[in-house]
Amino acid sequence: MFTKLILISLCCVKKIAGSIKQKLDNQIYYSNSPTRILLSQIIEDYNISQSYALDLFQKYYHQSPQAYLIKLKLNAAKNLLRQPQTHINEVAERLAYSDPSHFSREFKKHFKMTPKEYMKQEDL
């Protein structure tokens, strides 16, 4: 009985964490307009608290949704910056950064170079 309850719980954890991940992925890769992502909107169908949803995601993916989203955005940024005639401001806006300087700081923090340096390195 207890084992069955654990399996059901693991299934729910996977479903909720997977739903959060899928919505974050969709926002970055498939959305036409940049918007801020609110965890509360993602989890409203599950009748659980935001802190519990954060814990589930952390346990399943070994990182917070915020850390996952930042990695997702920055990897998408690298792809966008490789496109010809791309401007850093456009990339920041496309990825829903509040301003280009915030995007540049975040990019440098993760990749140890600015977006401009990255573009030069890629000969763009």
Side-chain angles (χ1 to χ4, degrees):
M1 176 77 174
F2 185 68
T3 306
K4 189 174 183 180
L5 185 60
I6 290 173
L7 288 175
I8 291 170
S9 294
L10 288 174
C11 180
C12 290
V13 167
K14 182 179 179 180
K15 182 178 179 181
I16 293 168
S19 177
I20 294 169
K21 181 183 178 296
Q22 179 184 18
K23 290 186 180 184
L24 294 173
D25 289 347
N26 286 344
Q27 177 61 34
I28 297 304
Y29 292 120
Y30 305 112
S31 177
N32 291 329
S33 61
T35 56
R36 283 184 54 90
I37 298 168
L38 300 175
L39 185 59
S40 59
Q41 292 173 336
I42 295 172
I43 63 163
E44 64 188 13
D45 296 337
Y46 296 105
N47 293 324
I48 59 173
S49 71
Q50 188 166 332
S51 62
Y52 185 59
L54 291 170
D55 287 343
L56 293 178
F57 192 95
Q58 178 77 37
K59 287 177 183 170
Y60 196 76
Y61 291 107
H62 308 288
Q63 61 186 331
S64 70
Q66 182 178 5
Y68 176 76
L69 180 61
I70 288 169
K71 286 181 185 176
L72 198 64
K73 284 174 135 183
L74 292 174
N75 285 328
K78 286 172 82 173
N79 289 331
L80 292 170
L81 290 169
R82 286 188 198 114
Q83 303 301 316
Q85 307 299 317
T86 300
H87 298 282
I88 295 168
N89 293 352
E90 293 169 349
V91 173
E93 184 180 327
R94 167 70 178 88
L95 296 174
Y97 277 93
S98 55
D99 64 78
S101 62
H102 178 236
F103 164 66
S104 292
R105 282 191 309 273
E106 195 74 41
F107 193 94
K108 185 171 184 171
K109 180 176 153 185
H110 281 79
F111 298 120
K112 310 295 186 230
M113 67 177 76
T114 66
K116 193 175 213 175
E117 291 168 340
Y118 177 77
M119 291 171 76
K120 284 182 184 177
Q121 173 186 303
E122 295 292 314
D123 291 322
L124 298 173

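Phe103 CZ to Leu95 CG: the interatomic distance, rounded to the nearest 0.5 Å, is 6.5 Å. Atom CD of Glu106 sits about 8.5 Å away from atom NZ of Lys73, to the nearest 0.5 Å. The distance from the CZ atom of Arg94 to the CD1 atom of Ile28 is 7.0 Å, given to the nearest 0.5 Å. Taking NZ of Lys108 as the reference point, atom CD of Glu117 lies at 6.0 Å (rounded to 0.5 Å). Atoms CD and OH, on Gln22 and Tyr30 in that order, are 9.5 Å from each other to the nearest 0.5 Å. Rounding to the nearest 0.5 angstrom, the gap separating the CD1 atom in Ile16 from the OH atom in Tyr52 is 6.5 Å.
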(request) Test ring-ring contact (aromatic ring centres under 6.0 Å, His included) on Phe107 and Tyr118 and set out the steps. (result) CA-CA 10 Å; Phe107 193 94; Tyr118 177 77; 5.7 Å; yes

(request) Given salt bridge (Lys or Arg N to Asp or Glu O under 4.0 Å), test Asp25 with Lys21 step by step and report yes or no. (result) CA-CA 6 Å; Asp25 289 347; Lys21 181 183 178 296; 3.0 Å; yes

(message) Show, in sequence, the C-alpha distance, side-chain angles and deciding distance for Arg105 and Ser101, and conclude whether the side chain to side chain contact (heavy atoms under 4.5 Å, CB included) test is met.
(response) CA-CA 6 Å; Arg105 282 191 309 273; Ser101 62; 3.6 Å; yes

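Counting heavy atoms of neighbouring residues, nucleotides and ligands inside a 6.0 Å radius, atom OH of Tyr29 exceeds 12 of them. Atom CD of Gln66 has 12 or fewer heavy atoms from other residues, nucleotides or ligands within 6.0 Å.
Between Pro65 and Leu54, the closest side-chain pair of non-hydrogen atoms falls below 4.5 Å. Inter-residue side-chain proximity for Leu56 and Ile20 is flagged as unmet; no heavy-atom pair is nearer than 4.5 Å. Taking 4.5 Å as the limit, every side-chain heavy atom of Pro115 sits out of range of all side-chain heavy atoms of Val91. You'll find the side chain of Pro100 reaches within 4.5 Å of the side chain of Asn89, heavy atoms only. At least one side-chain heavy atom of Met119 sits under 4.5 Å from a side-chain heavy atom of Ile88.
The two atoms that bring Gln121 and Met113 nearest to each other are OE1-CE, 3.0 Å, heavy atoms only. When all heavy atoms are compared, the tightest approach of Thr86 to Gln83 is OG1-O, 2.6 Å. In this structure, Gly18 and Tyr61 approach most closely via the heavy-atom pair CA-OH, 3.6 Å. Contact between Gln58 and Ser64 at its shortest, heavy atoms only, is OE1-N, 3.1 Å. The two residues His102 and Tyr97 come nearest to each other via the heavy atoms ND1-CD2, 3.3 Å. The two residues Glu90 and Gln85 make their nearest non-hydrogen contact at OE1-O, 4.2 Å.
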